[in-house]
Amino acid sequence: MNELKYPDILVTDLTENQAAEELEILAALIAYHDELYYLKDAPEISDSDYDALRQRNQAIEARFPNLVRADSPSKRVGIAPKTGFSKVQHDTPMLSLDNAFEPQDLADFITRTRRFLGLGEATIVEVVAEPKIDGLSASLTYQNGQLVRAATRGDGEVGEDITANVHTITDIPTSLKQNPTPEHIEIRGEIYMHGDDFNQLNAARERAGESLLANPRNAAAGSVRQLDVSVTAQRPLKFFAYGCGEIPADIALVTHEELMAQLINWGFPVNPMIQVCKDMQGIQQFYDELTIARPTLGYDIDGTVYKINRLDWQQRLGRVARSPRWAIAYKFPPEQGQTVLESIQIQVGRTGALTPVAHLKPLTIGGVVVSRATLHNQDELQRKDIRAGDTVVIQRAGDVIPQVVAVVKDLRPADAQPYQFPDHCPICDSLAVRKSGEAVTRCTGGLVCPAQAALRLYYFVSKHAFDIEGLGLKHMEMFYHEGLLQTPVDLFRLQQRDANSENPLAKREGWGDKSAQNLFQAIEARRSISLDRFIYALGISQVGQTIAKLLAYTYGSFAKWRSALEQAALDAESEAYLELVAIEGIGASIAGDLLDFIREPHNQQVLDQLAQELEIQDLARPEITDSPIMGKTVVFTGKLTAFSRAEAKSRAENLGAKVASAVSPKTDYLVVGEKPGSKAKKAQELGIPVLSEQEWLKVISDQ
Ligand code: IVH
């Protein structure tokens with residue numbers, strides 16, 4: 001969330017330009033996080049932060065339907081399965097569980113069940129209570145006792161075929177032990193990883209310089225979904241069976257409890273904590289006992305699950321939408337622990353956001369060693385007054401990145417100093433700026449900052465910028481890390497570098513002679529670029545297509561634009577500054593971003609280099625010759641309803657008119673909206689034509 005450009009601006013306050021920019025970043029960010037989550041099983045953000053990204057995307061699109069992008073995240077859910085895994089249609093859908101949030105919800109669950117089945121108060125409704133294992137669910141199909149297919153849950157209807165991977169998990173029998181052997185049965189359960197095994201795996205990854213996995217659940221999911229089965233085989237995966245798809249007709253079972261016993265007989269591990277509860281007291285007691293046992297289990301559980309014991313009742317209860325009526329989950333509150341915060345360090349995100357991260361004396365929460373926690377932003381740090389040396393309360397909930405909940409002030413060392421948030425980027429040393437009204441501090445060295453480089457380069461070649469096809473975000477990341485592309489100017493040196501490289505593009509997987517040549521040609525074709533595209537490509541905060549065009553029209557040439565900004569940056573009273581803020585559509589805020597950009601020496605260097613490699617074409621405002629309002633002076637007054645004031649002005653100017661703010665004898669037309677004030681009176685006195693919005697529209701649509 002921190003990485004958005006305008007994270008704190010309400011969607012209703014975004015300008016169209018800002019909205020377009022934000023949607024572009026959101027598309028790239030959501031695609032990036034989808035890939036981490038779905039394909040790499042290594043999310044960097046919590047589920048709720050991810051949901052917030054999607055919600056913001058949706059809200060902006062709802063407000064600006066004309067800005068919905070072809071690659072909008074709203075047009076797809078998740079991501080296509082990894083290539084290599086074939087799809088599997090589940091015989092019976094794999095449902096999810098309804099959630100209880102307080103004890104009363106559990107009592108209501110029992111009451112609902114009674115009502116639905118028409119049971120009296122005297123009838124005992126037995127419930128099987130189980131731990132809710134925090135792993136990934138799997139469906140295992142046995143045909144005549146042999147494991148023939150294993151699948152992930154996927155979207156509940158269609159999953160991925162992980163048969164080969166599952167064959168490497170020793171907890172899962174390849175053939176059912178003991179009779180009776182049903183002809184066909186689908187066993188369901190959870191694949192998970194022990195906390196100790198997860199810690200060891202991460203320690204080994206750290207030694208090998210590999211990225212760390214977020215938690216045991218992601219580690220388990222990532223380990224199962226490996227195209228190379230030998231990798232899965234090395235991972236310490238475990239399994240608990242907790243049910244089956246359809247109860248086979250050739251097996252006599254009356255209760256879920258009996259099914260669990262049968263699963264054990266067939267050779268499946270079934271969780272030893274599972275209990276039958278006869279009433280609400282038993283249900284509550286199970287929850288309390290499990291809360292106490294939880295830290296000692298050695299694997300993550302995120303709550304309890306209660307299932308109606310009688311299978312015929314389960315059958316009758318059926319399901320509502322995506323969850324069965326016969327089961328309910330009750331989640332635990334997040335787990336907490338205390339430790340010492342050793343230091344606060346700054347991470348720089350892909351859009352330049354500086355995020356403080358707490359480095360902790362490692363502590364174990366729920367079997368997982370935690371050594372880092374997010375501190376969100378400067379305000380959060382100040383509000384909680386978190387300091388290096390403090391003892392802090394850490395919280396870890398499921399797959400959420402650990403958080404610092406509070407400081408134990410009584411344990412604060414006497415010499416602990418308040419944290420000073422940096423004013424320079426710790427990665428590239430460029431100025432870091434926090435604009436008024438924003439929570440996020442950002443590095444201004446966008447074009448050179450290693451943390452931002454890949455996204456910036458991607459932006460630089462995007463459709464409305466240099467429009468170079470064939471370079472995705474992934475390529476940018478790879479080329480950046482290889483040192484092939486570091487700043488935009490390297491694009492124009494790519495062909496030459498590639499020719500001298502030991503690993504030329506043409507020889508790489510997924511490339512080839514033709515696509516490498518196409519890319520080089522596309523880059524060459526863009527050595528000549530129009531000034532507005534050039535300005536847009538620089539990715540300056542708030543400078544979208546429209547602002548870039550305005551700047552290009554105003555200054556006409558690269559040299560004039562650059563020197564005007566340089567002068568304006570030196571002196572806020574200079575004519576250059578006044579001219580900049582006077583451009584219709586550019587106020588002090590956008591001017592501030594432009595000047596932050598130009599003040600940064602690294603950016604100046606990139607501009608020098610680009611100017612040498614490129615031919616940046618001058619841009620003149622299009623000449624309008626046959627406009628009915630060419631050369632006329634127009635004044636708008638009152639509340640306009642057909643268009644915004646900015647749009648009205650811009651359309652008039654595009655048709656060659658001058659827009660003034662006060663009525664004078666030089667005024668040719670006064671256009672009045674609702675509730676016109678004194679201007680209308682003055683115009684009448686001067687005999688100047690006064691037009692309604694409709695009349696004005698007619699005048700300008702004549703041409
Ligand atoms: S029963 C229709 N029992 O929780 C209900 N699920 O939100 C089928 N889970 O996708 C699931 N432990 O991965 C059931 N003892 C348990 C479970 C359990 C973990 C997971 C399962 C499912 C999710 C439901």
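Each ligand, and each atom within it, is numbered from 1 in the order the structure gives. Bear in mind that the values here come from a model prediction, so they are computed numbers and not experimental data.
- Of all atoms in ligand 1, listed by their number and element, those nearer than 4.0 Å to a heavy atom of P324 are 2 (C).
- Distance alone, capped at 3.5 Å, places no donor-acceptor pair between the N202 side chain and the F198 backbone.
- Sorted by first and then second residue, the side chain to side chain donor-acceptor pair (under 3.5 Å) pairs with a member in residues 116-133 read E126-K278, E126-N309, E130-H256, E130-K307; sequence neighbours excluded.
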Determine, stepwise, if the pair Y330 / Y287 fulfils ring-ring contact (aromatic ring centres under 6.0 Å, His included).
-> CA-CA 9 Å; Y330 189 17; Y287 181 85; 4.6 Å; yes
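- Heavy atoms from other residues, nucleotides or ligands lying under 6.0 Å from CD of Q284 number more than 12.
- Looking from atom 12 (N) of ligand 1 to the surrounding protein, the closest heavy atom is I133 N, 3.0 Å.
- No side-chain donor-acceptor contact under 3.5 Å links T304 to the backbone of P131.
- Geometrically, ligand 1 and P131 share a nitrogen or oxygen pair separated by less than 3.5 Å.
- Between E130 and ligand 1, an N or O atom pair is found at a separation short of 3.5 Å.
- By the criterion of a heavy-atom distance under 4.0 Å, neither the backbone nor the side chain of A329 is placed next to ligand 1.
- By the 3.5 Å distance cut-off applied to N or O atoms, L95 is not counted among the residues near ligand 1.
- Pairs passing the side chain to side chain donor-acceptor pair (under 3.5 Å) check and including a residue from residues 136-151, sequence neighbours excluded, read S139-E186, Q143-H184.
- In this structure, the side chain of N165 engages the main chain of V224 through a donor-acceptor pair within 3.5 Å.
- Looking at Q104 and D108, their side chains do bring a donor and an acceptor atom within 3.5 Å of each other.
- For K307, the heavy-atom gap to ligand 1 drops under 4.0 angstrom.
- Counting heavy atoms only, K132 comes closest to atom 4 (O) of ligand 1 of the residues M94, K132, R322.
- Geometrically, ligand 1 and L97 share a nitrogen or oxygen pair separated by less than 3.5 Å.
- If you check each of G156, A241, S137, A129 against atom 10 (O) of ligand 1, the one with the closest non-hydrogen atom is S137.
- Ligand 1 lies out of reach of S323, whose nearest heavy atom is not under 4.0 Å from it.
- The closest protein non-hydrogen atom to atom 22 (C) of ligand 1 is Y242 OH, 3.9 Å.
- Across H256, M273, K331, E190, heavy-atom proximity to atom 20 (C) of ligand 1 is greatest for E190.
- Ring centroids of Y242 and F268 are separated by 6.0 Å or more, keeping the two rings apart.
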